[in-house]
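A short write-up of the structure that comes next.
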Amino acid sequence: MFKKTAAIALSASLLLSISAYAPQPLLTVSAAQLQQKVERAQSLFNTEHYEYATNEQIHEKIKKIASSSDRVQLKTTGKTSTGKELYTVTISTDKNPEKAYSEFRKLSTKDPKKAQEYLKKNNVKAPILIHASIHGTEFVGADAALSLIERFAYEKDAETSAILKNFTLIFNVNANPDGRKEATRFNKNGIDLNRDFLTQSESETKAVVDQIVEWNPLVLLDLHGYVKQRGKSAHPGLILPGTPPHNPNYEYDLLHKWMIQQAEAMEKELVAQRNNYESELYTTMEGTHIPLRDSEAGWDDYPPIYTPMYNMLHGGYSYTLEAPTNDWDGVRWQIDAVNGALAFALQNKQKMQFDQLEIYNRGLSGVHPTHEKDFFPESYLIPVDERDPYAAHKAVQHLLKNDIEVSELKRSVSIQGKEYPKGTYHVSLRQAKAGLANSMLWEGEDISVKAPAMYDISAWNLPELWGFERTAVYENIHTPLSPVKKVKENGNVSGKGPYLIPNTSVGSVALVNKAIKAGAKVSRDSKGNFYVGSEFREQLKKLSKNVSLDIVTSAIPEDAVSVKNQKIAILRDGGLGKVQSHAGTRLALLQLGFEVTELHPRDVAQKGLNGYDIFIYSGSRSLLSYQLSEANKEFGLQNGAEYEAFKEQLKKFTAADGQFIAIGSGGSQAAEQLGLTDIKVTAGKSNSNGIVTVTNTNSLLSSGYKTSDAGFVFQPVWYSNTDGKEVAAYFENSDHFFTAGYWAEHSQAKGKPVIVKDNDRNVTLIGLEAGFRNHTEHLFRYLSNAIFTQ
């Protein structure tokens with residue numbers, strides 16, 4: 001256990017250097033101030049306020065430490081979505097810690113048994129990743145990281161020396177600089193980065209994934225806030241491991257036997273240091289909340305979308321540390337918790353390393369003693385759609401980026417009566433990170449009866465949500481295989497035109513939009529496919545290579561109609577209830593190649609929608625409210641008069657042939673509330689979510705999709721009173737239409753409409769989460785279909 005010394009206390013120099021430059025608290029923020037580039041001083045969502053370090057102060061401090069300590073290396077390991085640099089501080093007594101660890105890192109996943117033998121005779125420094133303030137309003141993590149960096153950069157006491165002899169410490173000092181600058185939970189794109197670790201749509205997430213793949217951290221400590229009290233009194237804060245249901249793709253027995261002990265070691269250190277705190281909340285601490293020990297449900301570790309859960313699939317012991325308060329005591333709490341984790345790791349390092357290697361050994365051997373038989377298939381096959389390989393190629397690139405081994409068939413093979421040609425991708429589950437590979441490719445499960453509630457999403461089937469085919473294979477494939485290191489992009493344009501661009505992927509629609517913006521004449525047929533004139537041949541040749549699309553010559557059907565560039569606005573949710581619900585849809589539209597303008601609800605009320613062709617509502621129904629909390633006021637309407645003005649502006653817009661598109665339950669309920677349609681909207685419970693099977697009609701709104709296809713819902717919604725309306729998709733009329741996730745009452749939606757257009761009123765309701773967090777790429781084309789269908 002660490003004693004009360006200057007080495008572990010928050011250094012006076014750090015406190016002084018931060019408070020000397022700290023901004024004054026800003027407790028009210030106008031809509032105009034949201035557009036300014038100045039750093040906001042505080043978040044209205046926090047009940048406590050302190051003078052935390054700004055981005056500039058953080059960078060200044062770590063540069064100074066790196067220049068004065070031979071233990072510290074400072075690197076830029078990525079950039080934010082706005083181009084700000086992401087800094088990593090590595091602390092080690094090795095001159096080149098990456099190189100020193102690289103050979104053992106390779107051995108650990110190639111031959112874990114041999115690596116275990118090596119450990120018995122050698123001290124291998126284990127990497128520990130401390131990841132701070134991924135949520136921009138959770139300021140204490142970065143300040144705690146600064147103090148810890150200062151300690152390990154300079155101190156020479158026995159405990160510090162022992163830690164540095166056994167570990168390489170890697171700090172992501174400030175994982176979300178844009179969020180910290182604007183005092184918001186999200187990055188500048190509006191994405192919660194701690195929900196992005198399976199899809200990895202954001203540059204900030206990708207930078208952390210690269211680190212995890214490079215290092216395979218033994219321990220990951222994710223510094224968050226704020227959970228003042230959850231459970232027993234005198235137990236402020238929270239430290240994972242989480243409650244059931246647990247993600248079935250990791251080796252629960254090997255991970256959690258250490259994680260519960262390490263969490264309790266952190267708790268023990270917190271209690272031992274309680275006399276160093278200022279407020280009674282901390283000085284009377286008797287423990288903290290550890291969900292796995294203290295709760296039956298409600299803080300699960302099921303979806304691999306969070307930083308710690310993702311790292312667990314790489315075999316690391318991983319924790320969310322939720323500080324109790326947004327103040328200097330919260331900073332100290334994080335420091336003490338990290339010190340407790342380091343002390344435990346020091347005492348148990350070799351055994352913990354051995355079990356991490358055992359996870360890899362189970363993967364390579366295909367022996368998973370705590371899993372049901374055939375939970376893991378032998379392999380997956382991913383065939384390539386020769387017409388449009390975009391989705392399959394993206395999937396394989398993603399797998400490779402995540403340290404998953406992929407090969408391809410050198411000869412065709414017949415599996416379950418189906419022929420898979422040469423070049424089909426093959427993902428063996430006999431590999432070190434089998435759990436990670438299976439998480440990305442399995443079909444998921446219905447866990448509605450496994451828990452009374454879920455903290456977040458409960459299904460993440462990438463093949464269905466990204467739109468590529470995969471087959472689980474439970475037998476050995478007897479054909480030569482060739483390892484894949486990189487996907488080859490090889491799009492081509494053939495013939496003299498005009499050219500057919502199929503409505504088959506995000507890449508193909510993005511290509512259409514590039515052609516439109518470049519001035520090409522584009523038309524669309526009754527099946528939803530696109531045609532570009534022969535004069536655009538050379539531009540198409542260049543553009544097609546980026547999406548691996550083979551574009552062929554085809555006559556333009558007589559029923560094809562001209563497609564024009566649409567001016568699109570989307571209602572902006574700036575962070576209502578700590579969620580930017582429109583952000584994923586906006587990013588989906590950008591990926592599809594559309595230009596999109598975000599409008600605050602007040603902008604719509606005051607200025608209307610003149611000049612726009614499309615208005616999209618993809619957000620909380622509460623954006624219409626003018627009775628919001630102090631923290632939420634800046635995101636919504638100000639009063640009843642503004643609400644009435646908003647309502648009239650929308651009616652005026654649709655009456656003048658403007659198209660209103662509602663996404664999900666919030667948008668659909670808003671359309672009903674505003675009187676834009678007489679379609680009746682019914683919504684399920686807010687925590688229900690998952691993958692569904694939908695039946696698409698021959699409507700242009702569902703063109704490019706199979707009759708029976710996959711969808712995703714989050715707070716499911718369905719429609720009635722649809723006589724005389726154009727129904728483009730239904731929930732499949734089957735007891736098994738809900739295939740994976742958490743939705744206990746799904747039977748009431750069986751066979752009900754889920755995409756409907758009210759042509760008389762220029763309103764389209766899309767009940768599927770077509771742009772959810774920028775993750776559901778297979779569904780993005782429902783958005784483009786709605787935009788192109790006038």
Side-chain angles (χ1 to χ4, degrees), residues 98 100-129 166-168 170 197-198 208-220 241 246-259 262 301 304 307-318 345 348-371 375-380 399-407 426-442 481 483-484:
E98 291 96 336
Y101 188 65
S102 62
E103 288 304 313
F104 185 80
R105 160 68 181 85
K106 292 175 185 176
L107 183 65
S108 66
T109 52
K110 297 298 181 186
D111 193 343
K113 282 292 185 185
K114 188 173 182 180
Q116 287 173 328
E117 291 301 314
Y118 184 86
L119 275 182
K120 292 177 182 178
K121 301 176 182 178
N122 299 277
N123 177 46
V124 176
K125 287 187 178 181
I128 292 179
L129 177 58
N166 285 276
F167 301 105
T168 296
I170 306 151
F197 274 86
L198 189 79
V208 184
V209 168
D210 288 346
Q211 284 181 321
I212 290 172
V213 166
E214 178 184 7
W215 286 99
N216 283 349
L218 180 70
V219 175
L220 185 146
H246 303 296
N247 186 332
N249 286 288
Y250 54 69
E251 305 295 326
Y252 176 87
D253 59 321
L254 295 176
L255 288 166
H256 277 90
K257 79 175 184 184
W258 293 111
M259 287 179 65
Q262 193 164 27
D301 54 19
T307 322
M309 273 65 265
Y310 174 76
N311 190 60
M312 287 170 69
L313 291 168
H314 288 268
Y317 310 100
S318 309
N348 299 280
K349 185 189 75 165
Q350 191 178 69
K351 293 178 181 178
M352 293 171 74
Q353 285 177 307
F354 192 93
D355 278 352
Q356 183 182 39
L357 293 169
E358 189 59 25
I359 291 172
Y360 302 150
N361 184 57
R362 287 182 180 181
L364 281 167
S365 65
V367 176
H368 305 276
T370 62
H371 288 77
F375 175 79
F376 291 98
E378 282 294 317
S379 63
Y380 288 99
L399 295 171
L400 293 171
K401 191 74 173 173
N402 282 267
D403 202 28
I404 295 169
E405 295 176 359
V406 182
S407 57
H426 174 263
V427 182
S428 172
L429 268 292
R430 296 294 183 102
Q431 58 176 295
K433 298 180 181 179
L436 178 60
N438 201 53
S439 269
M440 292 186 169
L441 295 174
W442 77 318
L481 301 170
V484 175

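FYI, side chains are in, hydrogens and waters are out, and symmetry mates aren't considered; it's all heavy atoms of this structure.
With sequence neighbours left out, P127 forms a side chain to side chain contact (heavy atoms under 4.5 Å, CB included) with Y101, I170, W215. Partners of N361 by side chain to side chain contact (heavy atoms under 4.5 Å, CB included), not counting sequence neighbours, listed by chain and number: P112, K113, E358. S428 pairs by the side chain to side chain contact (heavy atoms under 4.5 Å, CB included) definition with H426, R430, not counting sequence neighbours.
Taking each heavy atom of Y317 and Q262 in turn, the nearest pair found is CB-OE1, 4.2 Å. A pairwise comparison of heavy atoms in L119 and F354 identifies CD1-N, 4.0 Å as the closest pair. For the residue pair A434 and G363, the shortest heavy atom distance occurs at CB-CA, 4.0 Å. Nearest heavy-atom pair across L313 and L436 is O-CB, 3.7 Å. Nearest heavy-atom pair across M259 and S318 is CE-O, 2.7 Å. H246 and D301 make their closest contact through ND1-OD1, 2.8 Å (heavy atoms, listed as atom of the first residue, atom of the second, distance).
Between W258 and K351 there is a side-chain heavy-atom pair separated by less than 4.5 Å.
Between K433 and N402, the side chains place no donor N or O within less than 3.5 Å of an acceptor N or O (distance only, hydrogens not considered). Judged purely by distance below 3.5 Å, without hydrogens or angles, the side chains of Y252 and N247 never pair a donor atom with an acceptor atom.
For Y380 and W442, the gap between ring centers reaches or exceeds 6.0 Å. For F376 and H368, the distance between ring centers is under 6.0 angstrom.
S108 OG to I359 CD1: the interatomic distance, rounded to the nearest 0.5 Å, is 11.5 Å.
A salt bridge between D403 and R105 is present, with a side-chain N of the basic residue lying under 4.0 Å from a carboxylate O of the acidic one.
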